[in-house]
Amino acid sequence: MHAAVHEVTPEATLELAGLPTMTRPTIVSVVGTRPNMMKIGPIAAELARLDEFDHVLIHTGQHYDREMFEIFIEQLEMRPPDHVLGIGPGTHAQQTARVMERLEPLLAEIMPALVLVPGDVNSTLGAALTAAKLVLPIGHVEAGLRSFDRTMPEELNRILTDQLSCLLFIHSPEAQGNLLSEGRPASAIFNVGNTMIDSLVRLSTAIDGRRTPHELGLESEGYVVVTLHRPALVETELLTIAMSQLRSLSRDIPVVFPVHPRTRARLERAGIVGDERLHLLPPLGYIEFLSLLKGAAAILTDSGGIQEEATYLGIRCFTLRENTERPITVELGTNILLGLAPDRIAEIPQMLASSPPASDALPPLWDGHAARRIVEVIRSHVGTLGATAAGHPSSG
Ligand code: UD1
């Protein structure tokens, strides 16, 4: 039996323990990649609405193309970042090290009351490590997810970031047990819900108004969306197999594939091009992509966050990975793990014809209010965290 974690319900009124009355505390959020923005955007909006903190947004520049960066800032209605570190591409060590080198002087100057980091990318770990070395308290948004596959760089980034964080914001039931079994204290774990779903809920009107499928000449529920970007798939010969399977699939049902820059480079090198049934598109904006996903018969992906968005929208998801750090999406029946086995793409028409419609059950607290709960926790703990960085929040 696990010790109880904090359930932060919308009704909860949290005591304002230790909040300084004279100066406004500063919160720094560090983002680096496309999916980080959907996770921090709603928190930035809630902090602005509350107007009790100075919020500094730092973008590491891990993603730097307009279609991977600025368009998300605009569509998520975020204020442009206060600082962009320009770390760019590189090996894992280079990216992590560049974040550390460029972030350290900024954090040392700001000395925020809390550093917020979302997700599991190299920028997340680089920022957490930098803050921890400066003995700054860290809050991890999307804590406790585990694939139990340490060959994935994201898994190392998750485990280490959780070890360094004193506020662990979880959105999936199993995250609590994962964190407790790694020695993280129950008092640091806050079950708040999913800020990525907050973004989806906030922008649902814009998403419904966008009509991306119609613009592409696609019928509602008459196409499959594809996203593939993980090195284990796209930097091996598996990509060629996947593309040939997708071409076959597209004879049954049109396939729409917004291509990540990493994947685009590989396809170009291999001379692989699309056709009128296998649509290869540039990366789409958030609103365009969600509009496309919402109208799809299914999605095939190796992304993490898209498994969650598909579950929320009740769209069948086929995941081309051996494992998932998001088992709730499988338990609820919307997500099927195909393995790292692109040959299995051939089974999709059969599975679409025979599998029951996706369930409309949702994980607890995926309700559009996660950011509000996170900011409530921050309000009640900021000012009590300084001496307990990498430990656990004092009870206030
Ligand atoms: C990173 C994350 C991954 C996340 C993904 C979301 C890590 C370890 N990986 O992977 O967890 O799911 O972001 O997209 O942090 N590139 C561009 N333009 C850009 C961004 C990248 O051309 O705006 C190119 C880079 O130059 C590089 C390649 O795409 O050649 C990969 O970028 P990188 O940030 O290293 O990793 P991702 O595959 O995006």
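Treat the numbers as computed from the prediction; the structure is a model and nothing was measured. Note that ligands are numbered from 1 as they come in the structure, with each ligand's atoms numbered from 1 the same way.
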* **Residues forming a side chain to side chain contact (heavy atoms under 4.5 Å, CB included) with P213, sequence neighbours excluded** =>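 Side chain to side chain contact (heavy atoms under 4.5 Å, CB included) check on P213 returns L218, Y223, S291.
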* To do: Verify side chain to side chain contact (heavy atoms under 4.5 Å, CB included) between R316 and I299, making sure each step is shown before the conclusion.
  => CA-CA 6 Å; R316 275 170 288 193; I299 173 135; over 6 Å; no
* For residues 195-206, pull every pair meeting side chain to side chain donor-acceptor pair (under 3.5 Å), keeping only residues two or more places apart or in separate chains. =>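 Passing the test, one end in residues 195-206: no pairs.
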Looking only at protein heavy atoms, identify the closest one to [atom] and say how far it is in Å.
atom                    : answer
atom 36 (O) of ligand 1 : R262 NH2, 3.4 Å
atom 2 (C) of ligand 1  : V121 CG1, 3.6 Å
atom 3 (C) of ligand 1  : E154 OE2, 3.3 Å
atom 35 (O) of ligand 1 : Q95 NE2, 3.4 Å
atom 27 (C) of ligand 1 : P89 CB, 4.2 Å
atom 26 (O) of ligand 1 : Y64 OH, 2.6 Å

Does [X], backbone or side chain, put an N or O under 3.5 Å from an N or O of ligand 1?
X    : value
H229 : yes
D65  : yes
Q62  : yes
H260 : yes

* Are the side chain of D162 and the backbone of G144 linked by a donor-acceptor contact shorter than 3.5 Å? ->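 Yes.
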Examine the proximity of ligand 1 to [X] and report which part, side chain or backbone, both or neither, has a heavy atom under 4.0 Å away.
X   : value
H63 : both
P35 : side chain
E67 : neither

* Stepwise salt bridge (charged side-chain N to carboxylate O under 4.0 Å, His left out) check, R326 with E142 -> CA-CA 11 Å; R326 289 159 162 96; E142 198 185 86; 3.0 Å; yes
* To do: Give the numbers and elements of all ligand 1 atoms closer than 4.0 Å to a heavy atom of M68.
  =>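 Those of ligand 1 that fall under 4.0 Å from M68 are 19 (C), 23 (O).
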* Which of the ligand 1 atoms, numbered from 1, are nearer than 4.0 Å to a heavy atom of H92 ->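 Taking each heavy atom of H92 in turn, ligand 1 has 8 (C) under 4.0 Å.
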* **Polar contact flag, side-chain donor to acceptor under 3.5 angstrom, E308-N194** =>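 A pair is found: one side chain offers a donor N or O, the other an acceptor, under 3.5 Å apart.
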* With P25, which of V382, I378, D54 fulfils side-chain contact (heavy atoms from CB on, under 4.5 Å)? ->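 Of V382, I378, D54, side-chain contact (heavy atoms from CB on, under 4.5 Å) with P25 is met by V382 alone.
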* Asked: Short check: is a protein heavy atom less than 4.0 Å from atom 12 (O) of ligand 1?
  ->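 Looking at atom 12 (O) of ligand 1, one finds that a protein heavy atom does lie closer than 4.0 Å.
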* To do: Grab the two heavy atoms, one from I315 and one from A298, that are nearest each other, plus how far apart they are.
  =>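 Smallest interatomic distance, heavy atoms only, reads CG2-CA, 4.0 Å.
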* Asked: For the residue pair M152 and R230, what are the closest heavy atoms and their distance?
  ->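 Answer, listing the atom of M152 first, then R230: CE-NH1, 3.9 Å.
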* Asked: Going through the distances and angles, do R373 and E46 end up as a salt bridge (charged side-chain N to carboxylate O under 4.0 Å, His left out)?
  -> CA-CA 10 Å; R373 298 189 192 96; E46 181 61 13; over 6 Å; no
